[in-house]
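Computed from a prediction, not measured in an experiment: that's the story for all the values here. Each chain gets a letter, A, B and so on, in the order the sequences are listed, and its residues count up from 1.
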2 protein chains.
Amino acid sequence: MSSPAVSSRDLPHPACDEIRLEGVLHALSDPMRLRIVRELAGVTGELSCSDFELPVTKSTTTHHFRVLRESGVIRQVYRGTAKMNGLRRDELDELFPGLMAALLDAAARQAASPGD
Amino acid sequence: MSSPAVSSRDLPHPACDEIRLEGVLHALSDPMRLRIVRELAGVTGELSCSDFELPVTKSTTTHHFRVLRESGVIRQVYRGTAKMNGLRRDELDELFPGLMAALLDAAARQAASPGD
DNA sequence: ACCGTACTACGATGCCTATCGTACGAGTCG
DNA sequence: CGACTCGTACGATAGGCATCGTAGTACGGT
């Protein structure tokens, strides 16, 4: 099968009105998580956790994805053995218009700056 | 005297190219500091540390202002016994265009939302 | 010189968190 | 069923941090 069905085990996500700006900023203030979010923003579909090549162990990776999900930045769903991740872009844009765009642009600028 | 001179004791500030996005986000991910920044953004001039009425002790207030300064979000200068604080808005705008505007707008929306 | 105000320095405390390793559960494929 | 992959859970560890209280420094005014 090329596209396994969504598994029954689903994960808790905060509702839109439970997403706190402080939580989002805290989630993005970690270099590893900012990197994950930038990568997610750069593709159209979803990415599995193992699509990321991060310089940390799998346990730590799991931890970072959970922080992102619990802060409301990403949405996660099981598809087979894989756990697919997607930015909650639409919801965040409605909650905080222009914020994600400005953040992603800022991250891109910093990554392109000579100091990097 | 209505406007005492700037004191000789000056404080270390990061240069523009030393300001890290992660550091700025971390600084703003604390409710107390976000509140300080929002207040600073709402006035034209500078504010002394004691102009803020925060529900923490002065030691803790000092700590928060230092975090904001060391992350590059605010500029601090002694004027007499007072320590004046101002947003580094121009520099941040050049570094990360639109970021502060989006952040302040997001904070304002959250503060105006029913959940608050 | 003295006092009061504004802010700091330092130590303590309790909590949070980024990281790891190992052991385990869920699903897919042979 | 059995092997393999993906991701989780749990415990440990080390470091960071928000908070406080107390003692101290710098400056301005009397």
Return the value, rounded to whole Å, for the distance between atom [atom1] of [X] and atom [atom2] of [N].
X: B/D51; N: C/dC7; atom1: CG; atom2: P; answer: 8 Å
X: A/H63; N: D/dT13; atom1: NE2; atom2: P; answer: 18 Å
X: A/Y78; N: C/dG27; atom1: OH; atom2: P; answer: 9 Å
X: B/F52; N: C/dA6; atom1: CZ; atom2: P; answer: 15 Å
X: A/M32; N: C/dC20; atom1: CE; atom2: C1'; answer: 13 Å
X: A/M84; N: C/dA26; atom1: CE; atom2: P; answer: 21 Å
X: B/I36; N: D/dA18; atom1: CD1; atom2: P; answer: 11 Å
X: A/F65; N: D/dA9; atom1: CZ; atom2: P; answer: 15 Å

Any [X] side-chain nitrogen or oxygen under 4.0 Å from OP1 or OP2 of [N]:
X: A/S50; N: D/dG7; answer: yes
X: B/R66; N: C/dC7; answer: no
X: A/R79; N: C/dG27; answer: no

Nearest to the side chain of [X] - [options]?
X: A/T57; options: C/dC20, D/dA26, C/dT19; result: C/dC20
X: B/T81; options: C/dA26, D/dG7, C/dA6; result: C/dA6
X: B/D30; options: C/dC20, D/dA18, D/dC27; result: D/dA18

Using modelled atom types only, decide if a donor and an acceptor are shared between the side chain of A/N85 and the backbone of A/Q76 within a distance under 3.5 Å.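 Checking the backbone N and O of A/Q76 against the side chain of A/N85, no donor-acceptor pair under 3.5 Å is found.
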Under a 3.5 Å distance rule, please check whether B/Q110 uses its side chain to pair with a backbone N or O of A/L21 as donor and acceptor.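 Yes: the side chain of B/Q110 pairs with the backbone of A/L21.
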If you measure from CZ on A/F65 to CD1 on A/I36, what distance do you get to the nearest 0.5 Å?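 Nearest 0.5 Å value for the CZ-CD1 distance: 4.0 Å.
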Hey, does A/P14 have a side-chain heavy atom less than 4.5 Å from the side chain of A/R88?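 A side-chain contact exists here, since the closest heavy-atom pair is under 4.5 Å.
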Please classify the nucleic acid contact of [X] as base, sugar-phosphate, or nothing, using heavy-atom distances under 4.0 Å.
X: B/T61; result: nothing
X: A/S59; result: base
X: B/T60; result: base

Please check if any side-chain donor atom of B/T60 sits under 3.5 Å from a side-chain acceptor atom of B/T57, or the reverse.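 A donor-acceptor contact under 3.5 Å links the two side chains.
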When the nearest nucleotide of DNA chain C is assigned to A/H26 and to A/V56 on a heavy-atom basis, which residue is associated with the more 5' position?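 It is A/H26 whose nearest nucleotide is closer to the 5' end.
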